[in-house]
Amino acid sequence: MARRALSTSPDREKVPIKRPRLDTPALTPDDYRNGVMLAPMVRSGALPTRLFALKHGAKLVWGPEIVDKAILHAERVVDPATGVVSYNGQQSKAMFSTHPLEKPYFIYQIGSSSPELAVRAALTVHQDVAGVELNCGCPKPFSTHAGMGAALLSTPDLLISILEALRAALPPHISVSAKIRLLPTQEETLRLVERIVGTGVNCVTVHCRTRNMRPREKALQHRMKEIVDFVKGLGKDVAIVENGDCVGYEDARRIRAVTGADSVMIATAAEANPTIFSQTPLADLDTTFVPSYIRLCRYLSNYWGSTKFCVSQFKGARISSSKSAATAVRTAVIKARGYEELDDVISGWTGAEEFRAIEEAIARRASGPPLVMPAELAPSAHATTPDAEPEQPRVLDTPAEWRGNPDRSVVHDAPLLPTNERRATVPAGVSGHDEATPTPAPLVSVM
């Protein structure tokens, strides 16, 4: 199959890009602290999404998990027009793309169950990333069936050996981190965390669900504070990041205040709105964000199928735009078979201008004071006087609409509830017993 030609849009042909000169200092544990992060997400964590997340305040961004063997056979290609670095598979389709602009803030996540393969995969991409992370939390069968992801929680010796091999083989300026899930008991979790922080990692991210818990089950954030205090008691300079049920900047501040976590990572809510890292995230996404996103995707030659999928996940409040305007944009994207059919939707700015705006936002951050997210609630916008009535205390719970069964356009592949309530699975957080994830049976062809 021939490789798809690069876009011939005017902004690619007529606007030369001046390559940014970026210093890439080594990430330290402090770089993982006091911020809100974009979580690794398969399909949704594309390069354009990561760039917009950085523009709107994400301190660091994670790429989607890439299995070690896959990247070993990829061809590294640099687009001379935009600087995009693509690792192309056998069909010439990029399995992973990045850009020098995000490099100082970009963490590459590896799926592996082999120290040797993990090291080879990390060395393949290390010139384009600031850090490498071992995925120890993905519960999906495509990962666990090969002993990767959450399966590593059951083989802690292997998990530790991979982290030690990565730290020993990678250059000192490449950060190493791990992302885990809670184990069934707190004692087991603390024992594993103690071993992980002893491998030389800079950061451990804890998804506050166990292996068998699903997104519709409330994250066990109450278990996080003991983990944070435990690591501090060890005297190790390792950042601890909370992941699970955060819906935005202010909610991240609440979670930090409650759990003591150094930072907070957002996945599902960021998939629905990549601007939620800002104190003032965009609303009316169909008119305020989708056109900009498509312009940037076209400029970067992002695979159209990837762009269309990501746009389909965007969901937010409609405040000022009309329903008809939002519907018109959505309908046009759904019907389009390529960027060229959306010229009316993305008219105005060019993709190069969108890229420059992101570049300027990141440059301002790099030259300004450190990006810090306080671990407390924002003060009230209303000034008080001595005679004023005391303000009613705020409810510090995550909004209720993010509990229960999320909308299908936001959370994918969430298991359906059983029709017989007596057969409903008791959540692991209630039963205290974490069942093993069953290995799917091989497909059998029917002749």
- Message: Let's go through I266 and I276 carefully: what are the C-alpha distance in whole Å and the side-chain angles of both, what is the deciding distance for side chain to side chain contact (heavy atoms under 4.5 Å, CB included) to 0.1 Å, and is it a yes or a no?
- Response: CA-CA 9 Å; I266 307 180; I276 58 165; 3.6 Å; yes
- Where do V333 and F314 land on the side chain to side chain contact (heavy atoms under 4.5 Å, CB included) test, with the steps shown first? CA-CA 12 Å; V333 174; F314 297 157; over 6 Å; no
- Message: For a side chain to side chain contact (heavy atoms under 4.5 Å, CB included) check, start with the C-alpha distance between V201 and L166, then their side-chain angles and the critical distance, and finish with the verdict.
- Response: CA-CA 10 Å; V201 297; L166 287 170; over 6 Å; no
- Apply side-chain hydrogen bond (donor to acceptor under 3.5 Å, both in side chains) to Y32 and S175, showing your working. CA-CA 10 Å; Y32 292 87; S175 175; 2.7 Å; yes
- With side chain to side chain contact (heavy atoms under 4.5 Å, CB included) as the test, would you mind laying out the steps for M37 and V264 before giving the verdict? CA-CA 6 Å; M37 320 295 199; V264 179; over 6 Å; no
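In summary, the side chains of E354 and S292 do present a donor paired with an acceptor at a separation below 3.5 Å, with no hydrogens or angles considered. Counted by atom type alone, R256 and N34 present one or more donor-acceptor pairs between their side chains at under 3.5 Å. For Y87 and T124, the side-chain atoms include no donor-acceptor pair closer than 3.5 Å. Under 3.5 Å, the side chains of D128 and T98 contain no donor-acceptor pair of N or O atoms. Side-chain polar atoms of E65 and Q109 form no donor-acceptor pair below 3.5 angstrom. A side-chain donor from one of T185 and E188 sits under 3.5 Å from a side-chain acceptor of the other. In summary, the side chains of T189 and R223 do present a donor paired with an acceptor at a separation below 3.5 Å, with no hydrogens or angles considered. Residues T307 and Y339 bring a donor and an acceptor atom of their side chains to less than 3.5 Å of each other. The closest side-chain donor-acceptor pair between K179 and N243 falls under 3.5 angstrom.
A distance-only check finds no donor-acceptor pair linking the side chain of T155 to the backbone of L158 [under 3.5 Å]. Proximity of a side-chain donor or acceptor of H145 to a complementary backbone N or O of F142 within less than 3.5 Å is detected. Distance alone, capped at 3.5 Å, is enough to place a donor-acceptor pair between the S113 side chain and the A146 backbone. In terms of modelled atom types and a separation under 3.5 Å, the side chain of K308 and the main chain of G338 share no donor-acceptor contact. In this structure, the side chain of R365 does not engage the main chain of K55 through any donor-acceptor pair within 3.5 Å. Of the possible polar contacts, none joining the N273 side chain to the G316 backbone as a donor-acceptor pair under 3.5 Å is found. In this structure a side-chain-to-backbone donor-acceptor pair under 3.5 Å is missing from E194 to R191. When atom types are taken as modelled, the side chain of T275 and the backbone of L282 share a donor-acceptor pair closer than 3.5 angstrom. Side-chain atoms of Q221 come within 3.5 Å of backbone atoms of G244 as a donor-acceptor pair (strictly under, hydrogens ignored). Here the side chain of T259 pairs a donor or acceptor atom with the backbone of A261 at under 3.5 angstrom.
Residues M265 and W62 have side chains in contact (heavy-atom distance under 4.5 Å, counting atoms from C-beta outward). Put simply, the side chain of V241 does not reach to within 4.5 Å of the side chain of V204, judged on heavy atoms. Looking at heavy atoms from C-beta onward, Y293 lies in side-chain contact with V311 at the 4.5 angstrom threshold. Between I160 and T199 the shortest side-chain heavy-atom distance falls below 4.5 Å. Looking at heavy atoms from C-beta onward, E133 lies out of side-chain contact with V176 at the 4.5 angstrom threshold. Residues K140 and V42 are not in side-chain contact: their nearest non-hydrogen atoms beyond the backbone lie 4.5 Å or more apart. Considering only heavy atoms from C-beta on, L117 comes within 4.5 Å of K69 through its side chain. Side-chain contact between I107 and V129 is absent, with no heavy-atom pair separated by less than 4.5 Å.
Applying side-chain contact (heavy atoms from CB on, under 4.5 Å) to H99 and the options L47, I358, D79 leaves one that passes, L47.
Taking 4.0 Å as the cut-off between side-chain N and carboxylate O, K59 and D31 do not count as a salt-bridged pair. A salt bridge links R33 to D237: at least one charged side-chain nitrogen sits closer than 4.0 Å to a carboxylate oxygen. R253 has a carboxylate O that lies under 4.0 Å from a charged side-chain N of E250, or vice versa, which qualifies the two as a salt bridge.
Taking the ring axis of F355 as reference, the NZ or CZ atom of R295 does not stay both within 45° of it and closer than 6.0 Å to the ring centre.
Contact record, H126 with L170: CB-CD2, 4.3 Å, taken as the closest heavy-atom pair. Minimum heavy-atom separation, D251 to C246: OD2-CA, 3.4 Å. Minimum heavy-atom separation, A178 to I196: CB-CG2, 4.2 Å. Residues R50 and S97 approach most closely at NH2-O, 2.6 Å, considering heavy atoms. Heavy atoms only, all atoms of each residue included: A121 and I71 are closest at CB-CG2, 3.6 Å. T49 approaches C310 most closely through the heavy-atom pair OG1-SG, 4.3 Å.
Note on ring orientation: taking the six-membered ring where Trp is involved, the planes of F106 and Y108 are perpendicular (angle over 60°, cut-offs 30° and 60°).
Between C136 atom SG and I180 atom CD1 the span is 7.5 Å, to the nearest 0.5 Å. Atom-to-atom distance recorded for I227:CD1 and E242:CD is 10.0 Å, nearest 0.5 angstrom. With rounding to the nearest 0.5 angstrom, the CD1 atom of I240 is 13.0 Å from the NZ atom of K225. Residue I174 holds its CD1 atom at 8.5 Å from CG of L27, rounded to the nearest 0.5 Å. With values rounded to the nearest 0.5 angstrom, S312 atom OG is found 8.5 Å from E271 atom CD. Rounded to the nearest 0.5 angstrom, R181 CZ and L220 CG are separated by 10.5 Å.
F277 has its ring centre no less than 6.0 Å from the ring centre of Y249.
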